[in-house]
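Report on the structure given below.
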Amino acid sequence: SRAAGAASAWSARRPLGASAPALTAAMGDAKKDPISCALSIMRRMPPNKIEHNLSGLLNLVPEHTDELLQRVDQPLEEATCAESGRKYLLCDYNRDGDSYRSPRSNAYEPPLESLDDGFVPSAKLRALEVEANALFDAYRELYFEGGTSSVYLWDLDGGFAGCFLIKKGVSGHEFVSTGAWDSIHVVEVAEASDGRATYKLTTTVMLSMDVHKPAVGDSNLSGSLTRMAEKACAVDEAHPHVANIGSMIEDMETDIRTYLDSLYIQKTREVVSSIRKLHKGPTQDKGFTMNLNSAVLKHGKNRAVDSES
């Protein structure tokens, strides 16, 4: 399935410095597996330039455009539904060519050439999609106090899958000039005959923060983190699919948010504080400078000239 393929393709990533040996090794394997080569290069590129780097790779291997767009996470983009006037998020799971399906109207924008083109969920799953969008909007408002969210569902043999998206941007904040939180939750649901279902969740969070202040200069902190979870739950009136999935997403986002704050941000602050001295450092008095100059001159007199050695 599409969601299963995405889950296997999305592995935990962290920003790495692009090293020449690593890139050379990746390019050496390009003929064997260009997709693995492209993903290896993307993992070593600056996380705040994902779109630019991916565009360059797509120009090099245009025949793999669809697969790379599915397997490389990018910051989410927004669009406005022509029918409802509400914003929704764009991703590969609601895309068909250059058109995107709105979760509000269930129509592609711009319209496709043929009404038969483009995937839409079944009537039963569409009703669940509408309910999930309403509940996820409430979840986003409670946790993020703004932003945009979208939910897309599609049918699978023996169940269904879905993509739950949240984007929250900030600008002109007291501490952050510009920043964005993008979370992508892909869920695959396998329904069993005994009234239970197995949920496989793959969550990717992309965080970016820019600071432009005279006190600290221009700095950027950005990266992505991917985690996976699996859970089997009962499905009944008290525990519908939306409640089970929502609980998993809530727990996953809480864990990732805590992990990012306690490890990445606090660790970065600790490293910066350890190399930056706020108090006035030691000064060199006149005597120390004279002794240093004398030692340098003495060493220079005793040193052999390069042409004489």
Side-chain angles (χ1 to χ4, degrees), residues 1-18 22-23 25-78 89-101 118-119 150-157 159-167 180-190 199-208 222-230 249 252-253 256:
S1 66
R2 188 177 189 181
S8 63
W10 288 353
S11 58
R13 294 190 295 277
R14 57 187 177 91
L16 300 172
L23 295 180
M27 293 300 292
D29 295 334
K31 293 183 178 180
K32 299 180 181 179
D33 190 355
I35 296 297
S36 297
C37 170
L39 296 176
S40 178
I41 291 176
M42 286 299 300
R43 283 194 294 268
R44 291 164 171 82
M45 294 292 104
N48 60 328
K49 298 181 180 179
I50 293 177
E51 301 98 323
H52 176 76
N53 297 329
L54 181 59
S55 176
L57 282 177
L58 295 181
N59 289 333
L60 292 175
V61 285
E63 66 275 14
H64 298 292
T65 296
D66 289 339
E67 186 167 2
L68 285 175
L69 288 176
Q70 291 181 19
R71 299 178 65 172
V72 177
D73 300 320
Q74 302 181 70
L76 300 169
E77 296 183 3
E78 295 177 333
L89 296 175
L90 310 181
C91 71
D92 193 62
Y93 294 97
N94 70 322
R95 179 178 68 89
D96 191 310
D98 295 328
S99 299
Y100 292 87
R101 182 172 68 90
F119 168 82
S150 295
V151 177
Y152 304 101
L153 303 180
W154 59 93
D155 296 277
L156 295 176
D157 294 335
F160 66 93
C163 185
F164 297 71
L165 311 172
I166 291 180
K167 182 179 185 66
W181 169 287
D182 298 90
S183 54
I184 304 172
H185 308 274
V186 178
V187 185
E188 182 183 3
V189 182
Y199 304 88
K200 296 180 180 179
L201 172 65
T202 301
T203 295
T204 298
V205 170
M206 290 169 281
L207 179 65
S208 176
S222 59
S224 62
L225 187 65
T226 299
R227 291 289 184 267
M228 301 178 67
E230 183 173 341
I249 291 177
M252 179 68 80
E253 280 207 336
I256 290 181

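Bear in mind the structure is a predicted one, so any value in this text is a computation, not a measurement. Throughout, residue positions are numbered sequentially from 1 according to the sequence presented.
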Do you know which two heavy atoms are closest between D92 and R95, and how far apart they sit? OD1-NH2, 2.7 Å

Distance check, rounded to the nearest 0.5 Å: R71 atom CZ versus L39 atom CG? 5.0 Å

Between Q74 and I184 the two heavy atoms that sit nearest each other are O-CD1, 4.3 Å

Quick one: does any side-chain atom of S222 pair with a main-chain N or O of P47 as donor and acceptor, under 3.5 Å? no

Mind listing the closest non-hydrogen atom pair of N94 and L89 along with its distance? ND2-O, 3.5 Å

State, with a plain yes or no, whether a side-chain heavy atom of L69 is found less than 4.5 Å away from one of L54. yes

Any chance you could measure L165, atom CG, to E78, atom CD, to the nearest 0.5 Å? 11.5 Å

Any chance CG of D157 has more than 12 other-residue heavy atoms, nucleotides or ligands included, within less than 6.0 Å? no

Is the count of non-hydrogen atoms from other residues, nucleotides or ligands lying under 6.0 Å from E77 atom CD greater than 12? no

Taking all atoms of both residues into account, what is the closest heavy-atom pair of D96 and F119, and its distance? OD2-N, 4.3 Å

From S208 atom OG to K49 atom NZ, the distance as rounded to the nearest 0.5 Å: 12.0 Å

Euclidean distance, M45 CE relative to H52 NE2, rounded to 0.5 Å: 10.0 Å

Rounded to the nearest 0.5 Å, what separation is found between the CH2 atom of W181 and the CD atom of E253? 6.0 Å

Looking only at heavy atoms, what is the nearest atom pair of L76 and S183, with distance? CD1-O, 4.0 Å

Rounded to the nearest 0.5 Å, the CG atom of L225 sits from the CG atom of L207 at a distance of 10.0 Å

Do you know which two heavy atoms are closest between C163 and V186, and how far apart they sit? SG-CG2, 4.3 Å

Side-chain contact, heavy-atom cut-off 4.5 Å: N53 with P46? yes

May I ask you to test the E51-P75 pair for a side-chain heavy-atom distance under 4.5 Å? yes

With a 4.5 Å cut-off on side-chain heavy atoms, are T203 and I249 touching? no

For D33 and C37, run side-chain contact (heavy atoms from CB on, under 4.5 Å): C-alpha distance rounded to whole Å, both residues' side-chain angles, the deciding distance at 0.1 Å, then the answer. CA-CA 6 Å; D33 190 355; C37 170; over 6 Å; no

